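Fair warning: this is a prediction, and the values are worked out from it, not measured in the lab. We name chains A, B, ... by the order of the sequence lines, and we start the count at 1 in each one.
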Number of protein chains: 2
Amino acid sequence: MGLTKSEIFTDEQNQLSTLLKAIAHPARIAILQRIIISNTCICGDLVGELGLAQATISQHLKELKLAGIIQGTIEGVSVCYCINPKTWKLLEEQLGGFLASYKGETTCC
Amino acid sequence: MGLTKSEIFTDEQNQLSTLLKAIAHPARIAILQRIIISNTCICGDLVGELGLAQATISQHLKELKLAGIIQGTIEGVSVCYCINPKTWKLLEEQLGGFLASYKGETTCC
DNA sequence: CAATTAAATCGTAATATTGCGATATATAAT
DNA sequence: ATTATATATCGCAATATTACGATTTAATTG
């Protein structure tokens, strides 16, 4: 099949997995790190820095944008991308809650 | 292609994306939540609770195990799965560092 | 307006993921 | 040994992802 059965899961589970999927790729992690360091990023810069083709970078940026993790505004000929603080906060909260729900060490196996 | 170019990324980026990919699925999030709540879980229970076939659940458990996020020990006829505290801690650290590196709000676009 | 530059989109190939029925394997009970 | 139960694995079909060359779209410059 290849089609996730979203209907059988909660909205929270689906939302969190969608956000995680968006950042679960080394190129997209690298892009986000670059954005965070310079507080902005331009597609062209990434093409030079990462070893990926322009079309590939643009596609990764599109996915991050689609998930609401980044946003971009036109800046002359190029496009300026930056973190969407709202989604980032949401991710921190959802993920933080999930990860913290495990109170480690009392392993049974 | 369909093949991620891991060579061009750092070990940290690859490792984090691998862990994230493992949990970036609603079924696997649901499985982990179930394990955390009861501090253990047995494949058969999940088959009843989630609406997925036994083969599918087994496959998701395998992926979580492969990523080192859970571990299982044979318990009679069934298998007892639980969180691997080491990997969970690693995930918390890596991800925490990554998420916290963005000091929000100073949006430029 | 023509030329240039930057990014997006299209089309395509290779590979990965998701899900499940069917079957195999392994342990426990009779 | 046979049977029952639980989980793993196989094989397959449908769909998704990754990557990139080629092309298109949009904005700036001359």
[X] [atom1] to [N] [atom2]: how many Å, rounded?
| X | N | atom1 | atom2 | result |
| --- | --- | --- | --- | --- |
| L46(B) | dA8(D) | CG | C1' | 15 Å |
| E75(A) | dA26(D) | CD | C1' | 15 Å |
| K5(B) | dT15(C) | NZ | C1' | 15 Å |
| L64(A) | dA7(C) | CG | P | 16 Å |
| L61(A) | dA7(C) | CG | C1' | 9 Å |

Using a cut-off of 4.0 Å on non-hydrogen atoms, how would the nucleic acid contact of [X] be classed: base, sugar-phosphate, or nothing?
| X | answer |
| --- | --- |
| T56(B) | base |
| V77(A) | base |
| I57(B) | nothing |
| E63(B) | sugar-phosphate |
| S58(A) | base |

Pick the closest DNA chain D nucleotide for G51(A) and for G44(B) by heavy atoms, then say which residue is nearer the 5' end.
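The 5'-side residue here is G44(B).
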Can you figure out which of [options] approaches the side chain of [X] most closely?
| X | options | result |
| --- | --- | --- |
| R28(B) | dT18(C), dA8(D), dA27(D) | dT18(C) |
| L52(A) | dA19(D), dA6(D), dA7(C) | dA19(D) |
| Y81(B) | dC20(C), dC20(D), dA8(D) | dA8(D) |
| T4(B) | dA19(D), dG19(C), dC20(C) | dA19(D) |
| I42(A) | dA7(C), dA8(D), dA16(C) | dA7(C) |

Does A53(B) or C43(A) map to a spot on DNA chain C nearer the 5' end, using the closest nucleotide for each?
C43(A)
Report yes if a side-chain nitrogen or oxygen of K21(B) is closer than 4.0 Å to either non-bridging phosphate oxygen (OP1 or OP2) of dT17(C); otherwise report no.
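Yes, K21(B) has a side-chain N/O under 4.0 Å of OP1/OP2 on dT17(C).
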Do any side-chain nitrogens or oxygens of H25(A) fall under 4.0 Å of OP1 or OP2 in dA16(D)?
no
Is there a donor and acceptor pair closer than 3.5 Å between the side chain of Q54(B) and the base of dA8(D)?
yes
Hey, does the side-chain of Q59(B) have a donor or acceptor N/O within less than 3.5 Å of a partner on the base of dC20(C)?
yes
With sequence neighbours left out, the residues meeting side chain to side chain contact (heavy atoms under 4.5 Å, CB included) with I8(A) are K5(A), L52(B)
